[in-house]
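We're numbering straight along the sequence, starting at 1. What you see is a predicted model; the values in this text were computed from it and never measured. Hydrogens, waters and symmetry mates play no part in the numbers below; they use all other heavy atoms, side chains included. One-based numbering, in listed order, for ligands and for the atoms of each.
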Amino acid sequence: MIYKKHPKAVKNAPKKKSQKIVSVLRGFRDILPEESYAWNYIRETTRSILSDYGYGYIETPIVEYTSLYKRTTGEHTDIVSKEMFTFDDMSGDSVSLRPEFTPGVARAYIEKGMINRTQPVKLFTFGPVFRYDRPQAGRFRQFHQLNIEILGDASPCSDAEIIFLSYLLCKKFGIDPNIQVNSLGSVESREEYIKILKEYYKPKRRLLCDECKTRLNKNPLRLLDCKEQTCKDITIEVPQLIDYLDEESKQHFVKVLEHLDEAQVPYELNPYIVRGLDYYNRTAFEIYVTKPVVDDQEESKSDNPQQGAIGGGGRFDGLIEMIGGRATSAVGMAFGIERVIEASEKLKAKNAKNEKIDVFLARLGEGVTKHALPLFERLRDAGISVRANFSKDGLKQQLEIADKIGVVYTVILGQKELLDGTIIIRDMENGIQEVVDLSKIEEELKKRLKR
Ligand code: AMP
């Protein structure tokens with residue numbers, strides 16, 4: 001059958017010359033191989049420590065029903081009201097790219113009947129999250145989080161464990177963290193406090209920034225961590241949440257702090273940590289580094305460290321019930337991976353330090369190439385770090401590449417040597433070449449590399 005191009009298709013086909021490069025979306029970025037050492041280190045360190053502590057790795061879908069986030073994160077929070085990537089799918093359902101992990105993990109806990117497992121269920125996950133915020137240094141529209149959760153435990157020991165693990169991981173990442181903790185009390189005591197907050201701010205309403213004027217009705221707790229100077233000046237004398245805590249939350253908070261003291265985790269009390277999401281109760285914490293991570297002018301002027309947090313978390317005892325599960329106490333945290341890397345000289349050094357490669361495998365002459373791949377695998381299997389470039393045939397070109405990589409030896413597999421069962425080892429420093437037995441190449445290299 002002969003296909004004819006539709007006349008319009010030809011007419012509309014873009015001219016080759018004028019094809020523009022399609023760029024990456026604003027606030028999104030590629031992670032290149034040379035950046036991957038830090039990422040791999042974080043993943044491996046996290047996996048090793050968290051599995052020792054009994055946490056299982058979970059992956060949840062990137063897309064969930066929008067209602068999941070509306071019901072948990074909260075309809076009036078910045079994340080849900082302004083920052084979600086929301087669209088209708090082909091069947092007309094409103095779905096969203098996950099703006100955080102906790103609601104998805106909680107949904108999986110309910111749907112997969114994890115309540116029937118031995119409690120608590122400890123989980124961790126890692127991956128991209130999406131928020132349509134104004135991009136700037138340290139703030140992306142797609143970024144990555146490491147998320148750690150303990151589901152099914154009300155004990156203050158679990159709050160302390162999550163904070164302790166956050167501290168431990170920071171140390172492993174080469175970060176000296178500044179952990180700021182607060183208690184938000186029970187939902188009921190918070191409602192009481194919110195009334196007092198509203199009464200406090202109402203007479204000063206006209207002095208508040210536009211956003212806080214809206215927050216006053218919709219999410220008044222967020223007034224406490226507004227970074228506008230006028231709002232901060234007003235907030236200085238605000239009644240403190242801690243003075244309105246219910247007795248049980250007070251006791252819980254004291255115990256969390258005792259556990260932290262016992263585990264020698266340094267922390268600061270900060271009554272302005274509110275976390276901004278609807279589902280938190282009792283413990284709330286954020287993690288900062290001394291060096292500001294975000295150097296946005298507007299924010300560096302401000303001493304409110306909200307934007308510079310590398311991580312944060314807290315207790316969310318009501319969340320699972322909010323989406324139809326049985327009442328389940330839970331606590332968790334999330335690190336922002338891009339900010340963790342930016343804050344850590346240790347992690348950045350991992351990226352800067354090039355991998356050390358010992359050997360380059362070069363080929364010379366026709367019919368040799370097919371023997372190169374099995375030989376490459378033999379060397380790799382023997383624990384020798386090796387590189388090759390199978391798209392270049394000329395020996396000069398291959399030696400130039402070997403030089404660029406900075407290998408110690410190049411092994412040259414030639415036609416003649418192959419017939420003799422031998423191979424050449426070239427010392428890249430002085431150019432001296434030696435012919436050795438091909439069957440013993442691994443030992444010969446290891447001897448020279450002093451392995
Ligand atoms: P949150 O869920 O808002 O508490 O965020 C947890 C962590 O994710 C923060 O402490 C930041 O490290 C990181 N984070 C949040 N928003 C962004 C963003 N837009 N870009 C990069 N990292 C972010």
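Figure legend: cation-pi geometry between R141 and Y132, with NZ or CZ positioned under 6.0 Å from the six-membered ring centre and within 45° of its axis.
Below 4.0 Å from some heavy atom of G311 lie the following atoms of ligand 1, by number and element: 10 (O), 12 (O). Against a heavy-atom cut-off of under 4.0 Å, G138 is close to the following atoms of ligand 1: 20 (N), 21 (C), 22 (N). Interface atoms of ligand 1 facing A309, defined by a heavy-atom separation under 4.0 Å, are 9 (C), 10 (O), 11 (C), 12 (O).
Polar contact with ligand 1: present for Q145 (N/O pair, distance under 3.5 Å). Polar contact check, F335 against ligand 1: no nitrogen or oxygen pair lies under 3.5 Å apart. Residue contacts with ligand 1: I310 is placed with a nitrogen or oxygen under 3.5 Å of a nitrogen or oxygen of the ligand (distance criterion only). In terms of polar-atom proximity, D133 is not counted as a contact of ligand 1, lacking any N or O under 3.5 Å from an N or O of the ligand. Residue-to-ligand polar distances keep A334 apart from ligand 1: every N/O pair is separated by 3.5 Å or more.
Ligand 1 lies out of reach of R141, whose nearest heavy atom is not under 4.0 Å from it. Under a 4.0 Å heavy-atom criterion, R139 is in contact with ligand 1. At least one heavy atom of R131 sits closer than 4.0 Å to an atom of ligand 1. Using a non-hydrogen distance threshold of 4.0 Å, G27 does not register as a contact of ligand 1.
Judged by distance alone, the side chain of S158 and the main-chain N or O of D153 form no donor-acceptor pair under 3.5 Å. Here the side chain of S344 pairs no donor or acceptor atom with the backbone of I175 at under 3.5 angstrom.
A salt bridge is absent between D381 and R378: the closest approach of a Lys/Arg side-chain nitrogen to an acidic carboxylate oxygen does not fall below 4.0 angstrom.
Residues satisfying the ring pair (Phe, Tyr, Trp, His ring centres under 6.0 Å) test with F130, not counting sequence neighbours, are none. With sequence neighbours left out, the ring pair (Phe, Tyr, Trp, His ring centres under 6.0 Å) criterion links Y280 to no other residue.
Between F28 and F140, the ring centre distance reaches or exceeds 6.0 Å.
The aromatic rings of Y244 and Y193 are tilted relative to each other, their planes meeting at an angle between 30° and 60°.
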